[in-house]
Structures are given as structure tokens and as C-alpha cells.
A.B. asks: 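Here it is: the structure, laid out below.
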Amino acid sequence: MSPGARPVRVRYAPSPTGDPHVGNIRTAIWAWLFARHTGGTFLVRLEDTDQTREVPGSLERILDALHWLGIDWDEGPDIGGPHAPYIQSQRLPGYRAAAERLLETRAAYRCFCTAERLAEMRKAQQAAGEPPGYDGLCRARPAEEAAARAAAGEAHVVRFAMRDEGRTAFEDLLRGEITVENRHFDDFVILKSDGFPTYHLAHVVDDEVMAISHITRGDEWLPSAPRHVRIFDALGYERPVFVHTPVILGPDGGKLSKRHGAKSVLEYAEDGYVPAALFNFLAILGWALDDKTELFTRERLVEVFDIAKVSVNPATFDTQKLEWMNGVYLREMPEAELTALFAERLERDLPPAVPRPVDRELVRALTPLVRERVKLLGEVTALVDFFFADDVPTPAAEEFLGSKRWRDDVAGAVAGLGASAATVEGVATWSAAAIEAAMRATAERLAVRAGDLFTLCRVAVTGKRVAPPLFESMEIVGREPVVRRLRAAAEALRATA
RNA sequence: GCCCCUAUCGUCUAGUGGCCCAGGACGCCACCCUUUCAAGGUGGAAACACGGGUUCGAUUCCCGUUGGGGGCACCA
């Protein structure tokens, strides 16, 4: 074996059992980066050898997620390639032939044990405190007898003769040599009674056919890697280099999965993360270039990514950091691009009463006001909805009186709103700067702290206590609606007094 | 239970025998800026799991303990 001697060819090999979650997709990102960095080939292969677990539409959604993240592939189920098929259920004869060869060399044998016997065996093992595993009953059966029974149509599986007195050693790129004693393994199934191969056989055959140079996959495969090594050897295949990347842990410390807070990549898109941010975040979750760089463009990552520097420890998925990073991407994005993303969101999330298409000029105007206030695209609508309505429902009195200044001075608040309405109505030039100047003067005249007065106006005009900057917002909303909202607020407050 | 992997701030990490009384980032706290909220700026608290070795010298090498994760299907 001469690791690394072959051109780099790596694959992302999901099974169609649901949406691709982030733990899974990080493996794809690293494999992709590895391939692109080395000028190698990245391919996608569907591992659908378990008919019972198949979830319709999975493949499409997996490919969608990849596309969304900007990951492309050179060969795959949708585009084919020189080593097609890239869907395992379409290579059944190949797996059977491989099993056949293993049978011939006695590396594998037919097993006729029924599910019932297996269950009883396990029960007995458990009772006796023995490690679970196939006891090898059928291994002793003469091959001729087994072949005859199989020819007669008797249901059976094919097992690989794994258990013996020896040991299996292999090299993992990240951890060095790993050695395990074969007695810790049982004779595992490589061909199921339905004629489908198990993962163990299928991926070995495919990796050979597709000339995979490095098996990049999750850490959860490490314990069964010796099985795969043995199959590669028994079939006379060249062993790829193994690269077992660590799993990602959920907030509860368990392996990230549906049960442990894993979300589909598509959900992140839904929440308003941008692909570049998720990509960046995932790429550096468990990998680092140096002691300071965290923000990378995709191109930069391709340039500097070194798979040998991937951490061997499982990492906890830190949603807060992801959010921060997404905010950074939003802030640094070209404004026109952000405007387009905002428009798309608003189009979707604004109340149906707002006419479509959403006013693009308006979105363009408000973008600079909120770009620093949004970490997720999904937050934008709630922040700017008041721009899109003629009037804003006047918030409850507590919203106005919440601050210490106005709590016991409703009359003052009413007066402040009234004065503000008059001021705004009379501003000569309708610009944020002019409005602010006039409003500050009004505050001074009323002997009220500017901030206190502005708070009242903010609630009246935006309907919120937390909102984009007041005067810029007023400018965009327009004089007439602003005056109307201020008057309505004064009126409503007076009524509660 | 058995097997495998693993161990630096709460989290992600830099660190490959002396440059480290350990650096960066997120988060947290304080202050500044300020019309709210953000953003931004400044400062701060915060880690080498433990015990043995090896060495003139260990965060770095070895062994053990403990902790964490993963795996033990006719699932991948």
C-alpha cells in the first residue's frame, strides 16, 4: 500500500434517509475542500442499500443542500460519470459478484440461520454476559452443502469470516496506526437475504470501482474500519487512505443527530443563514489554519485547507458563534445583494395585506438602517414591517410609559407626542437631519431629555420600542404618515389617562 | 459489559520540549460611543483533567486513572 500515491478522488456518500444535517454536511465540506485543494475529484454517491429506510425525496434535498452551499461535484447520481452508476441499488450484480469471489476464496460463507435463531442466540449471550455477535454456526458448514441449499432456493445471507486469532491494522490519516484484535469482531453480513449488500461490502466495491483514494467519513465508522480493510484485502483491492473525521456534538453533549438538536441544512437556509457563513462556520468547526483567522472566503479555504490538520476531537456545535458569523457576512455583503435578500424575505413574510411585489425602492432605502441590526435574514421582517403599512396599530400604553421618565407623567407624554407631531409637520426640509434638529429643539423647549422624547416618537411611529434609527425611519415613512401616527398615539394615550 | 477514538478558557481552537505564569474567536462582564436596539471601540474574568514517569526542562513524549465521544444489526 502506498497512501497518497493515487490521484485524489474522494466521495460524499449519503444515504437517502432524510434531510442532510450539519454534522453530515461538514464531512462533505471537508472532502470537497480536500479535493479542490489538491486538484482532485469530488463525487457524490448514493448509498441506498437499505430499501426499508429510504425516505422519498431525500436525494433531491441532499443535492439541493449541496448546491445551496456552493459545493459542486464532478461525478454523481444526477450527472453520471466514468464510473456510473452512482446509485448503489443499480450496482447489485457487482456486489453479488464480489460476494461470490469471497465465497470462492472462503473469505466468506453462506449463513442460513434464521432471525429467530439469531434472536435466541443473542438472548443467551446476554444472559451469559458474553459479548453479542454471530456465533459462527454456519461457518463450519461444508461449502458444497451450503451451495446446494442456496441453489435450491433456501434463504440465506453471506457473512465475512472476520473472527480469528489475528489482528487487523490500518492507517488513519489523522490518528496513525490503529490495531484491533479480530476476536472482537463477529462474522458480519455482507450480503443480505434480499440480495442487497450491506454498507460494508457495497462501499468497498464502489470505492474500488470509483478509484477512491481517501475514505473521508465520520468517526462513527472508525470501529468498523477493520472490517472494511479486511474486505479490501480479501478482494485484492488497494486500500484507500482512511480519514475519519470527528462527529459533531449537540448542545446536550451527544452526537449531533435528529434526536440531539441537529438541524437540516435546509432549515438553516430557512432561518436566514447565508450559505457562505454556514460554509465558513462548518469548515472551521474542528479545523483551524492558524491562531487567529476565522473568516474565510470559499476560495481562500480551497487555497489553505489541509485535511491533515483536522482536529481529532468531537466539537460542540455553537449556534451563537454561527449567528455571529452570519451577522458578519450580512454586514459585509455588498448592499445591493443584501437588499435583494431582504426583498426576498419580505416578499415571503410580510402580511398578505401588503401589496406584492414589495416596493423595491423602499427596501433599498431601509437596508442601510437594519443591516447592522440583523443576524439572520429571518429577523428582518419584524424589524421593518412598519414601513410597509399606512398606519401602525398604536401600541399599548405600557409601551410608551415603560420608561421611568413617563411612567407617572401620562400628560407629559401626551403633550410630548402632540408637540412632536406639530414639529414634524412643520419641518422645512423632509430629511433625517432636519427632522432631528427640529425635534431636538422641541425637546429643549419642552425641557425634556431628547432621548425620552424620541422614545415616545419611536413607539408611535414604528410600533416598537426597539426599532431602526428614528429620524431615518421617519424620513422613509414620510411626513404625512408620521404625523398621523404621532397624533393617533397622543390620542390613544390621552384616552387611557 | 466489551472494543475503538479522545482530553488547552463555558464553547471552537493556536500551540508539536524551553518563545507559554499559554495566543485568537464566540459567549459573558465593565466602560466608551449613543434617540432605542444593534454595530463599533477599549478593558476584564476565564483553560493546559489527575497521578506517575522520560528530560536540565514538560501544555507538548510514554504509562495509568478519570472524564467525554463513538461503536458492538440481514442500518448506514
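So you know, we letter chains A, B, ... as the sequences are listed, proteins then strands, and number each from 1.
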A.B. asks: Within residues 279-287 of chain A, which residues have any heavy atom lying less than 4.0 Å from an atom of RNA chain B?
C.D. replies: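 Only A:Ile284, A:Leu285, A:Gly286 qualify.
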A.B. asks: Please classify the nucleic acid contact of A:Ala467 as base, sugar-phosphate, or nothing, using heavy-atom distances under 4.0 Å.
C.D. replies: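 Base contact - A:Ala467 has a heavy atom under 4.0 Å of at least one base atom.
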A.B. asks: Pull out every protein N or O sitting under 3.5 Å from an N or O of nucleotides 23-26 of chain B, one pair per line with the distance.
C.D. replies:
unit_1: B:G23; atom_1: N2; unit_2: A:Asp291; atom_2: O; d: 3.4
unit_1: B:G24; atom_1: O4'; unit_2: A:Asp291; atom_2: O; d: 3.4
unit_1: B:A25; atom_1: O4'; unit_2: A:Glu294; atom_2: OE2; d: 3.0
unit_1: B:A25; atom_1: O2'; unit_2: A:Glu294; atom_2: OE2; d: 2.3
unit_1: B:A25; atom_1: N3; unit_2: A:Lys321; atom_2: NZ; d: 3.3
unit_1: B:C26; atom_1: O2'; unit_2: A:Lys321; atom_2: N; d: 3.3

A.B. asks: Identify whether any heavy atom of A:Val157 sits under 4.0 Å from a base atom; if not, whether one sits that close to sugar-phosphate; answer base, sugar-phosphate or nothing.
C.D. replies: base
A.B. asks: Applying ring pair (Phe, Tyr, Trp, His ring centres under 6.0 Å) as the test, list every pair that has at least one member in residues 458-479 of chain A; sequence neighbours left out.
C.D. replies: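 Pairs touching residues 458-479 of chain A that pass the test: A:Phe454-A:Phe471.
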A.B. asks: Taking only the side-chain nitrogens and oxygens of A:Lys192, find out if one of them lies under 4.0 Å from OP1 or OP2 of B:C75.
C.D. replies: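 Checking B:C75 against A:Lys192, a side-chain N or O does come within under 4.0 Å of OP1 or OP2.
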A.B. asks: Between the base of B:C5 and the side chain of A:Arg175, is there a donor and acceptor pair under 3.5 angstrom?
C.D. replies: no
A.B. asks: How far, in whole Å, is B:C5 from B:A14 if one measures between their C1' atoms?
C.D. replies: 22 Å
A.B. asks: Verify the distance criterion only: is there a donor paired with an acceptor across the side chains of A:Arg163 and A:His184 at less than 3.5 Å?
C.D. replies: no
A.B. asks: Over all strands shown, is A:Gly253 touching base, sugar-phosphate only, or nothing at heavy-atom distances under 4.0 angstrom?
C.D. replies: sugar-phosphate
A.B. asks: State whether a side-chain donor-acceptor pair under 3.5 Å links A:Asn326 with A:Tyr268.
C.D. replies: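 No donor-acceptor contact under 3.5 Å links the two side chains.
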A.B. asks: With rounding to whole Å, what would you report as the distance between B:G10 and B:C4 at their P atoms?
C.D. replies: 30 Å
A.B. asks: Can you list the residues that meet the ring-ring contact (aromatic ring centres under 6.0 Å, His included) rule with A:Phe188, with sequence neighbours excluded?
C.D. replies: A:Phe160, A:His200
A.B. asks: Between A:Gly129 and A:Glu47, just flag the one whose closest nucleotide in RNA chain B comes earlier from the 5' side.
C.D. replies: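 Residue closer to the 5' terminus by nearest nucleotide: A:Gly129.
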A.B. asks: For A:Glu472, answer base if it contacts any base atom (sugar-phosphate contacts may also be present), sugar-phosphate if it contacts only those atoms, and nothing otherwise; contact means non-hydrogen atoms under 4.0 Å.
C.D. replies: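 Base, at least one base atom sits under 4.0 Å.
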A.B. asks: Between B:C21 and B:A46, how far apart are the C1' atoms? Round to whole Å, please.
C.D. replies: 15 Å
A.B. asks: Answer yes or no: side-chain N or O of A:Thr198 and base N or O of B:C74 forming a donor-acceptor pair under 3.5 Å.
C.D. replies: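 There is none.
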A.B. asks: Taking the six-membered ring of A:Phe386, is NZ or CZ of A:Lys464 closer than 6.0 Å to its centre and within 45° of its axis?
C.D. replies: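 No, cation not above the ring by the 6.0 Å, 45° rule.
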A.B. asks: Would you say the ring centroid of A:Trp287 lies under 6.0 angstrom from that of A:Phe305?
C.D. replies: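 When the ring centroids of A:Trp287 and A:Phe305 are compared, they turn out to be within the sub-6.0 Å range.
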A.B. asks: Considering residues at least two apart in sequence or located in another chain, which fulfil the side-chain contact (heavy atoms from CB on, under 4.5 Å) criterion with A:Glu332?
C.D. replies: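 A:Glu332 satisfies side-chain contact (heavy atoms from CB on, under 4.5 Å) with A:Val328 once adjacent residues are dropped.
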A.B. asks: Would you classify A:Leu222 as touching base, sugar-phosphate or nothing, given that sugar-phosphate means primed atoms plus P, OP1 and OP2, and contacts are heavy atoms under 4.0 Å?
C.D. replies: sugar-phosphate
A.B. asks: Return the polar atom pairs (N/O with N/O) between nucleotides 20-22 of chain B and the protein under 3.5 Å, or none.
C.D. replies:
none

A.B. asks: Report which part of the nucleic acid A:Ser15 touches: base, sugar-phosphate, or nothing (heavy-atom distance under 4.0 Å, all strands).
C.D. replies: sugar-phosphate
A.B. asks: Which whole number of Å gives the distance between the C1' atom of B:U35 and that of B:C29?
C.D. replies: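 To the nearest whole Å, 25 Å.
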A.B. asks: Quote, to the nearest angstrom, the P distance that separates B:A47 from B:G23.
C.D. replies: 11 Å
A.B. asks: Less than 3.5 Å between a donor and an acceptor, one on the side chain of A:Arg465 and one on the base of B:U36, is that the case here?
C.D. replies: no
A.B. asks: Would you mind classifying the nucleic acid contact of A:Phe188 as base, sugar-phosphate or nothing, using non-hydrogen atoms under 4.0 angstrom?
C.D. replies: nothing
A.B. asks: When rounded to the nearest Å, what value does the distance between P atoms of B:U16 and B:U59 take?
C.D. replies: 14 Å
A.B. asks: Describe the nucleic acid contact of A:Thr17 in one word from base, sugar-phosphate, nothing, applying a heavy-atom distance below 4.0 Å.
C.D. replies: nothing
A.B. asks: Under 4.0 Å, counting only non-hydrogen atoms across every strand here, what does A:Pro246 touch: a base, just sugar-phosphate, or nothing?
C.D. replies: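 A:Pro246: no heavy atom of the nucleic acid under 4.0 Å.
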A.B. asks: Now, which nucleotide makes the Watson-Crick or G-U wobble pair with B:U16, with each of the two distances under 3.5 Å?
C.D. replies: none
A.B. asks: Reckon A:Thr316 has a side-chain N or O less than 4.0 Å from the OP1 or OP2 of B:C12?
C.D. replies: yes
A.B. asks: Looking at B:A7, I'd like to know if its phosphate oxygens (OP1 or OP2) sit under 4.0 Å from a side-chain N or O belonging to A:Asn313.
C.D. replies: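 Result: yes.
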A.B. asks: Is any side-chain N or O of A:Arg449 closer than 4.0 Å to OP1 or OP2 of B:U35?
C.D. replies: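 So the side-chain polar atoms of A:Arg449 never come under 4.0 Å of the phosphate oxygens OP1 or OP2 of B:U35.
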A.B. asks: Using atom P of each nucleotide, how far apart are B:G24 and B:U66 to the nearest Å?
C.D. replies: 36 Å
A.B. asks: Tell me which of A:Glu436 and A:Asp219 sits closer to the 5' end of RNA chain B, going by the nucleotide each one is nearest to.
C.D. replies: A:Glu436
A.B. asks: Under 4.0 angstrom, heavy atoms only, what part of the nucleic acid is A:Pro131 near: base, sugar-phosphate, or nothing?
C.D. replies: nothing
A.B. asks: Under a 3.5 Å cutoff, is there a donor and acceptor pairing between the side chains of A:Thr293 and A:Asp290?
C.D. replies: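 Looking only at side-chain atoms, A:Asp290 and A:Thr293 do form a donor-acceptor pair, the distance falling under 3.5 Å.
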A.B. asks: On the nucleotide B:U36, are OP1 or OP2 found under 4.0 Å from the side-chain N or O atoms that A:Arg373 carries?
C.D. replies: no
A.B. asks: At 4.0 Å (heavy atoms only), tell me whether A:Arg371 reaches a base, stays on the sugar-phosphate, or touches nothing.
C.D. replies: nothing
A.B. asks: Ring centroids only, cut at 6.0 angstrom: are A:Tyr199 and A:Trp221 within range, meaning strictly under it?
C.D. replies: yes
